[in-house]
*Asks:* 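One structure, as structure tokens, below. Some questions next.
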Amino acid sequence: MSDQKKPEGREKPVKTPPLEPGLGQVMGVAGGLPPLQDPSISRILSGLPPLQEPQTPPDLEKRLRSPRTFFSALLSVITGIMAVGAMVPLFSVLFMLVWRGGQRISLELFTALPPAAGMDGGGIGNALAGTLLMVGIGSVLAVPFGILAAVYLVEFGPDTKLSGAVRFATKVLSGLPSVLAGLFAYASVVLLTGKYSAPAGGIALAILMLPTVLLTAEQAIKMVPQRMREAAIGIGATRTQVVWQVVLPTAMPGILTGVMLGIARAAGETAPLLFTAMFSDYWLTRNPMEPTASLAVLIFDFSSSPFTNQIEIAWAASLVLVVLVLLANVTAQVWTARAAKS
Amino acid sequence: MTTSTEPIARPPTGFERAADWSFRRLTLAFAVLAIGVVIALVVQIAITASPAISEYGTDFLFSDKWDPGAKTYGIAPQIGGTLYSSFLGVFIGSLFGLAVAIYLTQDFIPYKLEMMLKNVVELLAAIPSVVYGLWGIFVVIPLIRPMCNALHEAMGGVAIFGTPLIGPGLLPSALVLAIMVLPTVTAISRDALSAVPPKLREAAFGLGATRWETIFGVILPTAARGIYGSVILAFGRAVGETMALAMLLGNNNSFSWSLFAPGNTLAALLANQWPEARDSTNEKFALMYAGLVLLGITLLINIVGTLILNRTQSIGDARR
């Protein structure tokens with residue numbers, strides 16, 4: 001930390017590091033002692049008038065009337081307002097959901113089929129069932145996939161080129177628009193089977209869940225202490241036994257966090273389902289290869305309806321959907337807290 | 001694995017070795033498959049779009065007609081609309097997102113409040129986009145409409161106020177988009193800001209800098225790379241955002257600079273046209289082609305954003 005050394009220059013310095021070595025001098029200046037000589041420091045100080053003339057003692061008193069303090073306080077207030085402003089939409093959304101969607105919460109909502117145009121009553125029973133079914137299919141596909149790939153990344157191939165490539169591919173996948181997962185599932189499943197169906201929707205959702213599950217599981221597995229693995233290997237366990245009996249049970253809360261976050265994301269997805277499951281006005285049948293309703297697509301369809309009844313159903317479906325998603329999120333947070341404790 | 005008579009430690013049996021070997025191969029297979037999914041996604045969409053690519057070629061990108069009846073398709077207005085709405089949404093969202101990130105990291109409020117604000121922002125990310133769309137239709141549009149129309153009355157000559165806001169339009173879409181990208185900006189910028197070594201901040205305070213002189217002069221420049229990364233990733237998210245825009249932008253296949261005019265984006269075009277697309281009109285292939293263009297744009301943005309953030313991380317690690 002001693003004076004004028006270059007900041008341990010590995011990469012190009014990020015503009016400010018010249019400050020770092022000058023810490024000693026910096027403290028001195030505040031006391032008004034040594035004069036400023038280092039150009040890199042005076043550059044940073046430009047804009048702080050009292051310090052540019054070392055002969056006058058610095059003005060250390062904090063008064064709101066001095067322009068610098070006033071400017072700072074003003075910015076603090078503006079940022080505070082912006083931060084609070086950023087929360088307004090959330091509360092507005094929640095309020096509207098409870099106010100407009102809450103009116104329609106009844107047994108009928110969960111047991112009836114969606115109302116046709118101009119009809120009264122009706123519910124979201126088949127859409128709720130369809131959402132649960134497709135999220136279930138998605139989880140069954142994405143969860144083992146994500147966990148096994150994460151096991152490879154941490155246990156069997158860390159620091160290899162392959163695991164770097166897997167990580168990169170997963171991050172890219174997590175940033176891809178969900179609509180593309182829908183197009184992909186359409187091109188590879190719907191075109192093949194000739195029908196919009198729940199499994200096609202589930203596959204599209206699985207693609208969206210995969211990055212979340214994989215990356216969270218990787219982090220969770222990484223957190224398992226190395227000595228636990230070594231102890232198991234020391235008594236003759238194979239790496240596979242270590243994974244199944246030591247690593248996965250220990251990392252389970254963290255892995256489940258990722259699973260719940262993945263489910264929360266998938267449950268709210270609409271776009272991929274438009275291309276894969278479409279919508280249906282009827283209940284699920286034994287044959288899954290049929291168009292399938294979902295809460296999200298129901299909301300989209302009914303949102304542009306001219307009929308009040310359908311719009312009310314859309315709000316009620318939104319409320320149910322948001323409650324489902326938030327439940328999944330809260331569960332994830334509880335598990336994270338538990339993982340942090342253990 | 002153990003009974004009281006056996007010693008605790010013993011070498012693995014042949015079966016266990018075989019199981020170990022196969023399990024390793026299994027995990028390897030899934031790891032490779034994860035890369036395979038991304039490649040398959042790109043290739044499959046490209047293959048399915050190929051009839052449209054060979055028929056419309058690059059004219060598709062520059063033509064502004066989307067007419068299933070005449071089988072002519074072009075996505076110039078949609079590309080323009082995607083970039084314009086994303087730019088506006090990310091601009092507003094980044095300003096607020098960065099403000100929240102600064103508020104969360106610079107000791108403005110007690111730790112407990114910080115955590116609460118952080119959770120609220122994370123909840124913003126949890127609300128499904130179709131719900132934001134519904135909220136936008138019934139809350140945002142009626143709320144801003146009088147203001148927008150007053151602006152149009154007063155300054156209709158200015159291009160960005162050139163049309164009245166009749167219903168769906170660019171500004172409500174951009175506002176909702178801003179809310180949706182805000183959590184991305186906040187989460188990543190917050191990490192970048194809290195990775196700034198505290199001694200830099202203390203040094204600036206020691207020099208007599210005010211809180212905001214410190215933030216603008218020291219903290220933000222040091223965290224700049226992470227913040228840029230967050231904005232780029234937010235842009236990628238905005239470009240691909242589908243449902244809210246499909247519901248709020250009006251599905252109008254023409255481009256206008258007016259903030260109050262309806263428009264369209266690539267993703268919204270896909271969502272709006274797909275359910276009505278007939279096989280006889282080639283429209284599905286054209287939509288696949290549009291999806292491929294969207295894929296190209298987002299891949300580019302995401303790879304740049306991820307690379308920037310990876311570099312930031314390695315610099316941060318080296319400094320620690």
*Asks:* Could you check if a side-chain atom of A/V322 sits within less than 4.5 angstrom of a side-chain atom of B/I127, using non-hydrogen atoms only?
*Replies:* yes

*Asks:* Please determine, among B/A271, B/A178, B/A101, the option with the most heavy-atom pairs under 4.5 Å with chain A.
*Replies:* B/A271

*Asks:* Quick one: closest heavy-atom pair of B/Q44 and A/S188, and the distance?
*Replies:* NE2-CB, 3.4 Å

*Asks:* For each of A/Y186, A/W244, A/F71, tally heavy-atom pairs with chain B at distances under 4.5 Å, and name the one with the top tally.
*Replies:* A/Y186

*Asks:* Taking the side chain as every heavy atom from C-beta outward, state whether B/P128 and A/L321 have any atom pair closer than 4.5 Å.
*Replies:* yes

*Asks:* Go through the atoms of A/I147 and report whether side chain, backbone, both or neither lie under 4.5 Å from a heavy atom of chain B.
*Replies:* neither

*Asks:* Count the heavy atoms of every other residue, nucleotide or ligand shown that sit under 6.0 Å from CZ of A/F145, and state whether that count exceeds 12.
*Replies:* yes

*Asks:* Side chain, backbone, both or neither: which part of B/V120 has a non-hydrogen atom closer than 4.5 Å to chain A?
*Replies:* both

*Asks:* Chain A: which of B/V176, B/V100, B/L95, B/V131 shares the most heavy-atom pairs with it under 4.5 Å?
*Replies:* B/V131

*Asks:* In sequence, state the C-alpha distance, the side-chain angles, and the governing distance for A/L90 and B/V121, and then conclude on side-chain contact (heavy atoms from CB on, under 4.5 Å).
*Replies:* CA-CA 8 Å; A/L90 179 74; B/V121 172; over 6 Å; no

*Asks:* Kindly indicate, with the supporting measurements, whether the criterion side-chain contact (heavy atoms from CB on, under 4.5 Å) is fulfilled by B/L28 and A/F156.
*Replies:* CA-CA 8 Å; B/L28 175 68; A/F156 300 136; over 6 Å; no

*Asks:* Give, for atom CD1 of B/I45 and atom CG of A/L180, the distance between the pair rounded to the nearest 0.5 Å.
*Replies:* 5.0 Å

*Asks:* Is A/L183 close to chain B through its backbone or its side chain, or both, or neither, when contacts mean heavy atoms under 4.5 Å?
*Replies:* both

*Asks:* Any heavy-atom pair between the side chains of B/R24 and A/Y152 that's under 4.5 Å?
*Replies:* no

*Asks:* For each of A/E155, A/R239, A/R265, tally heavy-atom pairs with chain B at distances under 4.5 Å, and name the one with the top tally.
*Replies:* A/R239

*Asks:* So do A/F275 and B/L270 actually touch side chain to side chain, heavy atoms under 4.5 Å?
*Replies:* yes

*Asks:* Check each atom of B/A125 against the heavy atoms of chain A and say whether the ones under 4.5 Å are side chain, backbone, both or neither.
*Replies:* neither

*Asks:* Would a 4.5 Å heavy-atom cut-off, applied to side chains only, mark B/L295 and A/L176 as touching?
*Replies:* yes

*Asks:* Report the residue from A/F302, A/W315, A/F300 that forms a side chain to side chain contact (heavy atoms under 4.5 Å, CB included) with B/L134.
*Replies:* A/W315

*Asks:* Do A/V297 and B/V130 pass the side-chain contact (heavy atoms from CB on, under 4.5 Å) test, and can you show the C-alpha distance, the side-chain angles, and the key distance before you say yes or no?
*Replies:* CA-CA 8 Å; A/V297 176; B/V130 69; over 6 Å; no

*Asks:* Please identify, among B/L123, B/L233, B/I39, B/L182, the residue contributing the most non-hydrogen atom pairs under 4.5 Å to chain A.
*Replies:* B/L123

*Asks:* Donor-acceptor pairs under 3.5 Å, side chain of residues 72-88 of chain A to any protein atom, not counting sequence neighbours: which ones?
*Replies:*
{"unit_1": "A/S72", "atom_1": "OG", "unit_2": "B/W212", "atom_2": "N", "d": "3.4"}
{"unit_1": "A/S76", "atom_1": "OG", "unit_2": "A/S72", "atom_2": "O", "d": "3.1"}
{"unit_1": "A/S76", "atom_1": "OG", "unit_2": "B/W212", "atom_2": "NE1", "d": "2.9"}
{"unit_1": "A/T79", "atom_1": "OG1", "unit_2": "A/L75", "atom_2": "O", "d": "2.5"}

*Asks:* Answer yes or no: is there a side-chain heavy-atom contact under 4.5 Å between B/V38 and A/F168?
*Replies:* no

*Asks:* Can you say whether B/F108 sits under 4.5 Å from chain A via the side chain, the backbone, both, or neither, judging by heavy atoms?
*Replies:* side chain

*Asks:* Given the options A/I311, A/L191, A/L326, which has more heavy-atom pairs under 4.5 Å with chain B than any of the others?
*Replies:* A/I311

*Asks:* Top residue by heavy-atom pair count (under 4.5 Å) with chain A, among B/W21, B/F23, B/W274, B/Y103?
*Replies:* B/W274

*Asks:* Please indicate whether B/R25 has more than 12 foreign heavy atoms, meaning atoms of other residues, nucleotides or ligands, lying under 6.0 Å from its CZ.
*Replies:* yes

*Asks:* Is it the case that the side chain of B/N302 and the backbone of A/V172 share a donor-acceptor pair, with hydrogens and angles ignored and the cut-off at 3.5 Å?
*Replies:* no

*Asks:* Pick one of side chain, backbone, both or neither for B/L26, based on which atoms fall under 4.5 Å of a heavy atom in chain A.
*Replies:* side chain

*Asks:* Would you compute the distance between atom CH2 of B/W135 and atom CG of A/L94 and round it to the nearest 0.5 angstrom?
*Replies:* 10.5 Å

*Asks:* Is A/S92 in contact with chain B via its backbone, its side chain, both, or neither, using a 4.5 Å heavy-atom distance?
*Replies:* both

*Asks:* Looking only at heavy atoms and a cut-off of under 4.5 Å, which of A/S318, A/A165, A/A187, A/A169 has the most pairs with chain B?
*Replies:* A/A187

*Asks:* Where on B/I179 is there a heavy atom nearer than 4.5 Å to chain A: the side chain, the backbone, both, or neither?
*Replies:* side chain

*Asks:* Quick one: is the NZ or CZ of A/R100 closer than 6.0 Å to the six-membered ring centre of B/F138, and within 45° of its axis?
*Replies:* yes

*Asks:* Select one option (side chain, backbone, both, neither) describing which atoms of A/F279 are under 4.5 Å from chain B's heavy atoms.
*Replies:* neither

*Asks:* Does any heavy atom of chain B fall under 4.5 Å from the side chain of A/V325, the backbone, both, or neither of them?
*Replies:* side chain

*Asks:* Can you give me the closest heavy-atom contact between B/A19 and A/T240, atom names plus distance?
*Replies:* O-OG1, 4.0 Å

*Asks:* Residues two or more places apart in sequence or in another chain: which of them pass side chain to side chain donor-acceptor pair (under 3.5 Å) with A/N329?
*Replies:* none

*Asks:* Do B/M247 and A/S304 make a side-chain contact, defined as non-hydrogen atoms from C-beta onward lying under 4.5 Å apart?
*Replies:* no

*Asks:* Out of B/E241, B/R211, B/M288, which one racks up the most heavy-atom pairs below 4.5 Å with chain A?
*Replies:* B/M288

*Asks:* What part of B/P12 gets within 4.5 angstrom of chain A, counting heavy atoms only: side chain, backbone, both, or neither?
*Replies:* both

*Asks:* Can you tell me how far CE of B/M243 sits from OG of A/S303, rounded to the nearest 0.5 angstrom?
*Replies:* 8.0 Å

*Asks:* Taking the side chain as every heavy atom from C-beta outward, state whether A/F184 and B/V42 have any pair of such atoms under 4.5 Å apart.
*Replies:* no

*Asks:* Report which part of A/Q333 has an atom under 4.5 Å of a heavy atom belonging to chain B: side chain, backbone, both, or neither.
*Replies:* side chain

